[in-house]
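We count ligands from 1, going down the list as the structure has it; atoms in each ligand are counted the same way.
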Amino acid sequence: MSEVISTALEENRTFTPPTTHAASIPNMDAYHALCKRFADDFDSTWRDLANEHLEWRKPFTRTLNRENAPFFRWFEDGSLNLSENCLDRHVRAGLGERTAILWEGEAGEVRKISYAALLADVCRAANSMRQLGVEAGDRVVIYMPMIPEAAIAMLACTRIGAVHSVVFGAFSPQALRDRIEDAGAKLVVTADGGSRRGSIYPLKSNVDLALSEGCRSITHVLVVAHAGNKTETIAGRDIDWHQALRVQASTCEPLAVESEQPLFILYTSGSTGKPKGILHSTAGYLLWARLTMLWSFDFKPQQDVFWCTADIGWITGHTYTLYGPLCCGGTTLMYEGVPTYPDAGRVWKICEAHKVSILYTAPTAIRALKKAGDAWPEKYDLSSLRVLGTVGEPINPEAWIWYHQVIGKQRCPIVDTWWQTETGGHMIAPLPFATPTKPGSATFPLPGIDIAVVDKHGKTIRDGGGLLVIKQPWPSMLRGIWNDNQRYIDTYWRTFNNRYYFAGDGARIDREGYCWIMGRVDDVLNVSGHRLGTMEIESALASHTSVAEAAVVGRPDEIKGEAICAFVVLKRADSENLTLPLRAHVTQAIGAIAKPDDIHFVESLPKTRSGKIMRRLLRDIAAGREITQDISTLEDQAVIRQLQKQP
Ligand code: PRX
């Protein structure tokens, strides 16, 4: 933890929610009543919700087992199947013809997949995976563009109890290899390519590169022909998805798994070391995916078209593009391409064409679309919209107001949702038709979620900056870090002696109880809503033969939230300009999302006498700010003068 953020954001405008909708939590009295139910009887409130909202094969008798805390177990003696909860139960209820996935490709092609058709495809894919030797508990890596087959592959894993690990398609072969090896995956599901800004990006050939070294656990690669991209086929290993599915039966008995059966691993960045595999389990995760759809978005499956713009490679794509909407039996829109392609009207065009009623996106996208000008949204009919959500980074009040006025025409509540890969679903969010909102605040914790802002000793801070913690377990919490129990304890629980979950964010709760998220307090960057560890980028830079040492910090960026700024010490000061080669090197090691925006070549890095890099100092320099840090501990004071000379 490098610092506790103490700046306070002042924003006092309050927006009263429209009360025209019969929402699942219709007003603040209902919200307070539900919170009180949790406060009075935590376990039985969760028990009742789990019984009401999920379909169980074997009912559970024990709601929460805290015996081995912080390894909590929820609904542990029950069993269920996730795909049955997301598909079969809606088909059985007569909703087989309702559109489950409404897909639009970047080139404009549209596919509508009904619940009945999706169920049949998921069964075929599950049968095919089984035939390839995938069994319950085995890991399957999914490296795909945003196409329905990505969702089908994920659901197929859940049908047979396999554990999926989706790797975002923009990660490099090397990053993919690290994840495959850490997960010990048996199968990779990929596509020949995906469309991005009118061109094709490679996926299968990246898989080939990743598998060219190590990855001994992989036996097969299932390849979806999607982009018309010619790729090599390795006999015996590579299998064509469509051919494989065609010969399979369209039914597959869903495997009843225990509530705590691992559901997926999703790699995310931390402040130290390699990305960690966040592990989620089945029942608790699904329960919260469904409840937050209903509570935070007021999702009405019979009428809404829900569009979460997040890629399936991130947690937002898992919970809110896929599992949340499908568990509720509603329609989820999936879009393959870039939101500003071929022009800045694309998002609004999609909203008009498909009558999107709930839009959920990131502040970065909102800022970029705002910058493109109001003429773009004004060209389209956005009257179908009724709720607008945001996630991933703090939203600045100007972007919030624009979203509210220009997109929502002051009719649509803005739902600023704070959560993390680790939390599985929303933790702090307004209820769209109940909570009065303030631009830039995620407002209040959802019912059942117990948060506080504390100082480093765990003492509650009122109306001041501090560390955000969660004081009680919740069903969709991470169950651990894959292969690394100790790191789970060290990262999330040790800071507050196993009492509280430490989120890694700074926050403030104001006098009226509104929560303001101030950003990470550790060495994690948030670039366009993507989470990146400074350490990962530093080790990528340091692995270049010309680099002696590197330090990476974030600097404020108008659109991306944060930009990546690297300070690099070269082995030989007279080396040729290495900016481009180093950027390419990081792209190769991690992916283009981690490419530094600025690279400053320096003679040495500012360090304390104990050898720690003074990051706050570098952050001030990167942002062109006055240096606020006490530099008396700086080992070599001359470093500062040299750093300040940087352009
Ligand atoms: O710093 C917080 C920021 O994103 C981090 C979690 O990143 P990730 O695990 O990739 O999940 C992103 C999508 C849930 C948090 O620690 N963050 C997320 N939502 C918000 C946010 N910061 C401010 N406001 C938010 N609404």
Side-chain angles (χ1 to χ4, degrees), residues 1 5 9 11 166 168 171 264-271 275-280 285 288-289 292 296-297 308-321 323-324 360-367 388-397 399-400 403 414-430 437-446 449 451 453 467-470 476-478 481 491-492 501-508 514-534 536 554 560-562 593-594:
M1 197 186 322
I5 295 170
L9 202 137
E11 171 59 64
V166 184
F168 180 47
F171 278 117
F264 64 83
I265 304 167
L266 190 56
Y267 286 85
T268 190
S269 298
S271 47
K276 44 195 182 208
I278 302 299
L279 177 67
H280 280 284
Y285 170 82
W288 196 235
T292 49
S296 328
F297 295 124
C308 164
T309 64
D311 191 279
I312 216 107
W314 306 109
I315 189 70
T316 311
H318 280 55
T319 311
Y320 298 108
T321 305
Y323 292 128
Y360 189 34
T361 193
T364 296
I366 299 169
R367 288 190 292 261
L388 299 173
T390 144
V391 59
E393 28 167 348
I395 181 163
N396 47 315
W400 193 104
Y403 204 26
I414 305 290
V415 184
D416 175 1
T417 59
W418 176 84
W419 60 295
Q420 310 176 295
T421 306
E422 292 86 342
T423 68
H426 304 156
M427 296 282 102
I428 308 174
T437 47
K438 296 185 188 184
S441 167
T443 74
F444 309 116
L446 288 171
I449 305 303
I451 64 150
V453 170
L467 304 170
L468 184 61
V469 297
I470 307 177
S476 67
M477 66 196 301
L478 76 164
I481 293 176
T491 311
Y492 304 106
Y501 167 87
F502 172 46
D505 277 312
R508 177 174 76 95
Y514 282 77
C515 187
W516 302 84
I517 307 293
M518 318 291 226
R520 302 288 307 191
V521 294
D522 52 13
D523 295 321
V524 169
L525 304 181
N526 193 326
V527 182
S528 302
H530 296 155
R531 183 166 154 184
L532 292 163
T534 49
E536 271 171 273
K560 298 199 278 192
E562 264 185 308
I593 53 170

* Going by the order shown, which atoms of ligand 1 are within less than 4.0 Å of some heavy atom of Trp419? -> 6 (C), 14 (C), 15 (C), 18 (C), 19 (N)
* Structure fact -> CZ (Phe168) and OG1 (Thr268) are apart, to the nearest 0.5 Å, by 12.5 Å
* Structure fact -> Rounded to the nearest 0.5 Å, the CD1 atom of Ile451 sits from the CG atom of Leu446 at a distance of 10.0 Å
* To do: Report yes if some N/O of Thr268 lies less than 3.5 Å from some N/O of ligand 1; otherwise report no.
  => no
* N/O donor-acceptor pair under 3.5 Å between Ser476 side chain and Thr423 backbone -> yes
* Counting from 1, what ligand 1 atoms have a heavy atom of Ile517 closer than 4.0 Å? -> 22 (N), 23 (C)
* **Asp416, any N or O under 3.5 Å of ligand 1 N or O** => yes
* Within less than 4.0 angstrom of ligand 1, does Gly392 place any heavy atom? -> yes
* Would you confirm whether Tyr403, through its side chain, and Pro363, through its main-chain N or O, come within 3.5 Å as a donor-acceptor pair? => no
* Asked: Any idea how Tyr360 and Phe297 line up, ring-wise: parallel (<30°), tilted (30 to 60°), or perpendicular (>60°)?
  -> perpendicular
* What atoms of ligand 1 come within less than 4.0 Å of a heavy atom belonging to Arg531? -> 6 (C), 7 (O), 8 (P), 9 (O), 10 (O)
* To do: Please report which non-hydrogen protein atom sits nearest to atom 2 (C) of ligand 1, along with the residue it belongs to and the distance in Å to one decimal place.
  => Asp505 OD2, 3.1 Å
* Proximal atoms of ligand 1 relative to Asn526 (non-hydrogen, under 4.0 Å) -> 3 (C), 4 (O)
* May I ask you to identify, for Glu393, whether its side chain, its backbone, both or neither come under 4.0 Å of ligand 1 on a heavy-atom basis? => backbone
* **Distance filter under 4.0 Å to Thr316 heavy atoms, resulting ligand 1 atoms** => 13 (C), 14 (C)
* For the pair His426 and Trp419, name the ring-plane relationship: parallel under 30°, tilted 30 to 60°, perpendicular over 60°. => perpendicular
* **N/O separation below 3.5 Å, Thr390 to ligand 1** => no
* Atoms of ligand 1 close to Thr421 [distance to a heavy atom under 4.0 angstrom, numbered from 1] -> 8 (P), 9 (O), 10 (O), 11 (O)
* Show which atoms of ligand 1 fall inside a sub-4.0 Å distance from at least one heavy-atom site of Val391. => 13 (C), 14 (C)
* To do: Indicate yes or no: at least one non-hydrogen side-chain atom of Glu393 is less than 4.5 angstrom from one of Arg367.
  => yes
* Any chance you could measure Glu422, atom CD, to Ile278, atom CD1, to the nearest 0.5 Å? => 4.0 Å
* Asked: Are Pro394 and ligand 1 in contact, using a heavy-atom cut-off of under 4.0 Å?
  -> yes
* Asked: Trp418 side chain to Thr443 main-chain N or O, any donor-acceptor pair under 3.5 Å?
  -> no
